[in-house]
**Q** 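Can you keep this structure in mind? I'll have questions shortly.
So that the names make sense, note that chain A is the first sequence line, chain B the second, and so on, each numbered from 1.
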Number of protein chains: 2
Amino acid sequence: MAENEKIYTSISVQTLKRLPIYLNYLKSLDREKTKIISSPVIAKALALNEVQVRKDLAAIKSGGRPRTGYLLEKLIADLDTYLGYGNVNEAVIAGIGHLGRALLSYKGFDAYGLNIIVGFDTDETVVGTEVSGKKVLPLDKMVSLCKRMHINIGIITVPCEQAQQVCNLMIESGILAIWNFAPVNLNVPEHILVHNEDMASSLAILSKHLKKKISREN
Amino acid sequence: MAENEKIYTSISVQTLKRLPIYLNYLKSLDREKTKIISSPVIAKALALNEVQVRKDLAAIKSGGRPRTGYLLEKLIADLDTYLGYGNVNEAVIAGIGHLGRALLSYKGFDAYGLNIIVGFDTDETVVGTEVSGKKVLPLDKMVSLCKRMHINIGIITVPCEQAQQVCNLMIESGILAIWNFAPVNLNVPEHILVHNEDMASSLAILSKHLKKKISREN
DNA sequence: TAGATTGTTAATCGATTAACAATC
DNA sequence: TAGATTGTTAATCGATTAACAATC
């Protein structure tokens, strides 16, 4: 019961973003050597504030161990459970260019419950091939396949000009959430969830910080 | 003078992230048909708050036109200037897999002043080839080339296990900012700027939101 | 016990949104 | 002028950090 409540407790978006980062770091440690880890250590390794680490971890797990720290094994298990639990989501991806292939081949997603089961494209030289063992089908098969298999997530890696059109098809397919890599703002009905992955935004930050830094140094 | 001051005025990170989104949207409009655009219209199209749009735009440009709105052409020019001005940054990329290729081929970066001039890899079947007209060189040439050309930005798209090692080479090369796509936390000296592009974080958000939505509907 | 660490309450900081005067 | 829109000041909201009691 208490366990279940935790799941529905709303966790802040910022915390949620950091959880995979903790998990990834903890998994990189040698579990033979390190049995226990403390928030100051985690904070230092990831360049975060130690209170923030404790607060984040407190949001997903019950009971810490004052004086000693956290049991590494247990902490990993808790994060794994939280991030993976109930998230067995099947996804499809439209647009099998370089980026589409990179995502289809990426191994890390299933750790978070995402399983990209098939790709779609319009290019006849690509359709019928396989990428990392996953079939590439013609785009006009998408609606029927997604409906039949009750797919919830669609990933868009097509060029800008085709993104809205593909998005419409996905909505017609009954898809509920869209992970959009095309740099366009998609028009969707209110009940559809869109997450834009915006490279230009990231670059703008990096580039301005760098510029400020260089100008400071002169 | 006033223009120059604007550039050094610190803009919030959140605003900075949205600027490329505005620019992209505005550029997608037909400049023949639309001469003037207002903040409520922009806000609606991008699902943002109209006050936020005004505040963001006020941060980079001087003078708006009450009653009418913004001159589209002028607004685009201002955003272009702000985001591109003084940002002629040359970058190199290490790791020419699918993701590396996607980035090397991406046309949108030069609009923001980023120019990826060359790629590096250790795979002999890749070294010596070209991707979108850009040469792929052996990784052990990186340090000397970057030093010689005073490259400021390095992009890491190698597998996790090699990321830290490549990162060290980049630091040795005199690179100041690193755009890291490998899901590891890089250890860098304080003066090096790292921007992590974390797919798992994005996915965690999407996936939790979706789960909440589905559970609400039941 | 003394000391290190957790977890939480309170204070601070930053970003968003509301309210409104200024403007054309 | 009346009305729509800008730009800014003030209020709100949310996230980070500091302070500290509880704990082993």
**Q** Give the rounded distance in Å between these two atoms: CG of B/D56 and C1' of C/dT17.
**A**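 Rounded to whole Å, this separation is 12 Å.
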**Q** Please confirm whether the backbone N or O of B/G113 pairs with a side-chain atom of B/D110, one donor and one acceptor, at under 3.5 Å?
**A**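 No, B/D110 side chain to B/G113 backbone: no donor-acceptor pair under 3.5 Å.
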**Q** For A/L75 and C/dT6, give me the distance from atom CG to atom C1', rounded to whole Å.
**A**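 Nearest whole value for this atom pair: 13 Å.
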**Q** Check whether A/D198 reaches the backbone of A/A200 with its side chain - one donor and one acceptor, N or O, closer than 3.5 Å.
**A**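 Such a contact is found between A/D198 side chain and A/A200 backbone.
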**Q** Looking only at side-chain N and O atoms, does A/Q52 come under 4.0 Å of OP1 or OP2 in D/dT16?
**A**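 Looking at the OP1 and OP2 atoms of D/dT16, one of them is under 4.0 Å from a side-chain N or O of A/Q52.
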**Q** Across all strands, who's sitting opposite D/dT17 as a Watson-Crick or G-U wobble pair, both distances under 3.5 Å?
**A**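 The base-pairing partner of D/dT17, which may sit in any strand shown, is C/dA10.
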**Q** Is a salt bridge present between A/E73 and A/K35, judged by a nitrogen-to-oxygen distance below 4.0 Å?
**A**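 A/K35 and A/E73: not salt-bridged.
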**Q** How many whole angstroms separate atom CG of A/L48 from atom C1' of D/dT17?
**A**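 Roughly 13 Å, once rounded to whole Å.
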**Q** Specify the separation, in whole Å, of atom NZ of A/K44 and atom C1' of C/dT5.
**A**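 Going from A/K44 (NZ) to C/dT5 (C1'), I get 17 Å.
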**Q** Rounded to whole Å, please give me the gap between CD in B/E50 and P in D/dT5.
**A**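 Value for this atom pair: 9 Å.
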**Q** Specify the residue among A/T68 and A/K55 whose closest nucleotide of DNA chain C lies further upstream toward the 5′ end.
**A**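 Looking at the nearest nucleotide for each, A/T68 comes out on the 5' side.
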**Q** Is there a side-chain contact between A/S39 and the phosphate of C/dT5, meaning an N or O under 4.0 Å from OP1 or OP2?
**A**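 Checking C/dT5 against A/S39, no side-chain N or O comes under 4.0 Å of OP1 or OP2.
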**Q** Need to verify one output field. Residue with the more 5' nearest nucleotide on DNA chain D, B/P40 or A/Q14?
**A**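 Result of the comparison: B/P40.
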**Q** What nucleotide among C/dT8, D/dT6, C/dT6 has an atom nearest to a side-chain atom of B/S38?
**A**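 Of the candidates, D/dT6 comes closest.
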**Q** Should A/R54 be listed as having a side-chain N or O under 4.0 Å from OP1 or OP2 of C/dG7?
**A**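 Result: no.
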**Q** Can you tell me the pairing partner of D/dT23 across any strand shown, Watson-Crick or G-U wobble, with both distances under 3.5 angstrom?
**A**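 Partner of D/dT23: C/dA4.
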**Q** Between A/Y22 and A/Y25, is the ring centre distance below 6.0 Å?
**A**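 Judged by ring-centre distance (under 6.0 Å), A/Y22 and A/Y25 do not meet the cut-off.
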**Q** Within this structure, what is the CD1-to-C1' distance between B/I36 and C/dC24, rounded to whole angstrom?
**A**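 Atom CD1 in B/I36 sits about 12 Å away from atom C1' in C/dC24.
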**Q** In plain terms, say whether A/D80 and A/K27 are close enough for a salt bridge, that is, a side-chain N and a carboxylate O under 4.0 Å apart.
**A**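 Between A/K27 and A/D80 there is a salt bridge, with a charged N closer than 4.0 Å to a carboxylate O.
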**Q** Between D/dG7 and B/Y70, is there an OP1 or OP2 to side-chain N/O distance shorter than 4.0 Å?
**A**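 Yes, within the criterion.
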**Q** Atom CG of A/N49 and atom C1' of C/dA11: how far apart are they, to the nearest Å?
**A**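 It works out to 14 Å between those atoms.
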**Q** Nearest whole Å is fine: how far is C/dA15 C1' from B/L19 CG?
**A**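 Answer to the nearest Å: 15 Å.
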